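Numbered from 1 within each chain, the chains take letters A, B, ... in sequence-line order. Remember, predicted model here, so these are calculated numbers, not experimental data.
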There are 2 protein chains.
Amino acid sequence: MTADDRHGAETGPESAGSVLETLIGYNLKRAYVIVQADFREALGQDGLGPRAFSALSFVVQFPEITQSALARKLGIERSGLVAIVDDLERRGFLRRTAVPGDRRSHALVATHVGQAALRSAQDAVRAHEAALLAHMTEQEREMLITLLRKIRAREG
Amino acid sequence: MTADDRHGAETGPESAGSVLETLIGYNLKRAYVIVQADFREALGQDGLGPRAFSALSFVVQFPEITQSALARKLGIERSGLVAIVDDLERRGFLRRTAVPGDRRSHALVATHVGQAALRSAQDAVRAHEAALLAHMTEQEREMLITLLRKIRAREG
DNA sequence: CGGGGATTGTTTACCTAGTAAACGGACTGC
DNA sequence: GCAGTCCGTTTACTAGGTAAACAATCCCCG
């Protein structure tokens, strides 16, 4: 390898736009910031945050899931989940219940209030995303999710 | 609108997979976390962070850019940029230079060392991204960037 | 001129989201 | 019965970012 082809000479006439703009990571981050801001607007000042929203979604989907299992699903540490579950419990959206055969674990169960709150939050987020991405076709949005899931295939 | 079609009944036989998995925001975040971790691995323990990398890229692309203008390009506040520029200056990758007609501003110029460091960082990041996304075709990666840029069209 | 208002970089205080390490209590296998 | 492991939790720490205030400077306009 020569000094010449080490840096971009092999990429041909791709001089337009910076390298930065061609990186997946950079574009992902910028897009993420926009969608996340939209999410927060959808759920309001002191509505659920993204983390609590995801956590509650999993608890509804997998009743009696344990905190460790939930942390694994969310891709975060057990220690980080504590505050999230505290918050959801304080709001009355779920309860830590005893597990018959294991006094270490807490089985998380969503309350009716929590289930209703989740449904309404889901509606709000879906509506906001639809409005935010109204300049994209349905095929484009589907393709985007498909491609993002391809990256997610690299998850732990 | 009845209680029945308010929540998902109109979405038809889409019962497979949770609502969460159908949201752009959630998939974006999970994908971003993976790519960002890969980025950090590419640039090593105390190499450039994502923020410094992006900042240095813009400084090389737009020599003598002002800190305020750079903050706008990065989509962050001026106050947050100070520490980033401090870091890049401490590493000897750029200098704050005087602007002839305005004693408030600092024109940022990358040093030769900074330009070389950026090129080598770019190479490392590109190689890592290529390896991370080797399970996707070139068309898929291009399509992904195109779609992410469609979201970024919503940027301030 | 001469201000009043805007802009620049900076500091300070704060917030969110996450990790890492240590811990007591509880469980399991041998 | 006991060594090792697992669960939830606390604490300390990091990264990345905002918001408000500030002095210095600049610009416009009357």
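Remark: B/Gln67 is not in phosphate contact with C/dT7, judged by side-chain N or O atoms under 4.0 Å from OP1 or OP2. Contact annotation: B/Arg72 side-chain N/O to C/dT7 OP1/OP2 distance is not under 4.0 Å.
You can see that DNA chain D meets the heavy atoms of chain A within a 4.0 Å-exclusive cut from D/dC6 to D/dG17, reading 5' to 3'.
With a 6.0 Å radius and a threshold of 12 heavy atoms from other residues, nucleotides or ligands, A/His135 has its NE2 atom above the threshold. Surrounding CD of B/Glu155 are more than 12 heavy atoms belonging to other residues, nucleotides or ligands, all under 6.0 Å away.
Each of A/Leu56, A/Leu48, A/Asp86 was scored for a side-chain contact (heavy atoms from CB on, under 4.5 Å) with A/Arg91, with one residue passing: A/Leu48.
Look at CD on B/Glu89: it is 13 Å from P on C/dG9, rounded to the nearest Å. The CZ-P distance, from A/Arg51 to C/dT19, rounds to 10 Å in whole Å. Atom NE2 in A/His106 sits roughly 11 Å away from atom P in C/dA26 (whole-Å rounding). Across the protein-nucleic acid pair, B/Ile65 atom CD1 and C/dT8 atom C1' stand 14 Å apart, rounded to whole Å. Nucleotide C/dT16 holds its P atom 16 Å from the CD1 atom of A/Ile76, rounded to whole Å. Here C/dA17 presents its C1' atom at 13 Å from CG of A/Asp87, a figure rounded to the nearest Å. Following rounding to the nearest Å, B/Arg78 (CZ) and C/dT11 (P) show an atom-to-atom distance of 13 Å. Atom CD in A/Gln36 sits roughly 10 Å away from atom C1' in C/dA17 (whole-Å rounding).
With DNA chain C read from its 5' end, the first of the two nearest nucleotides for B/Ala107 and A/Gly80 is the one closest to B/Ala107. Mapping B/Gly49 and A/Ala69 onto DNA chain D by nearest heavy atom places A/Ala69 at the nucleotide closer to the 5' end.
When atom types are taken as modelled, the side chain of B/Thr66 and the backbone of B/Ala69 share no donor-acceptor pair closer than 3.5 angstrom. Remark: side-chain polar atoms of B/Arg154 are paired, donor with acceptor, to backbone N or O of A/Leu132 under 3.5 angstrom. Using a distance-only test at 3.5 Å, with no hydrogens or angles considered, no donor-acceptor pair links the side chain of A/Gln122 to the main chain of B/Val19. At distances below 3.5 Å, at least one donor-acceptor pair connects side-chain atoms of B/Glu129 with backbone N or O atoms of A/Gly25.
Ring planes of B/Tyr32 and A/Tyr32: parallel class, angle under 30° (limits at 30 and 60°).
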Can you give me the N/O atom pairs linking the protein to nucleotides 27-30 of chain C at distances under 3.5 Å, or say none if there are none?
residue: C/dC27; atom: OP1; partner: A/Arg103; partner atom: N; Å: 2.4
residue: C/dC27; atom: OP2; partner: A/Arg103; partner atom: NE; Å: 3.4
residue: C/dC27; atom: OP2; partner: A/Arg103; partner atom: NH2; Å: 3.1

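Closest contact between the side chain of A/Ser79 and the listed nucleotides C/dA20, C/dT10, C/dG9 involves C/dA20.
Ion pairing between a basic and an acidic side chain is recognised when a charged N comes within 4.0 Å of a carboxylate O; B/Arg141 and B/Glu138 show such pairing.
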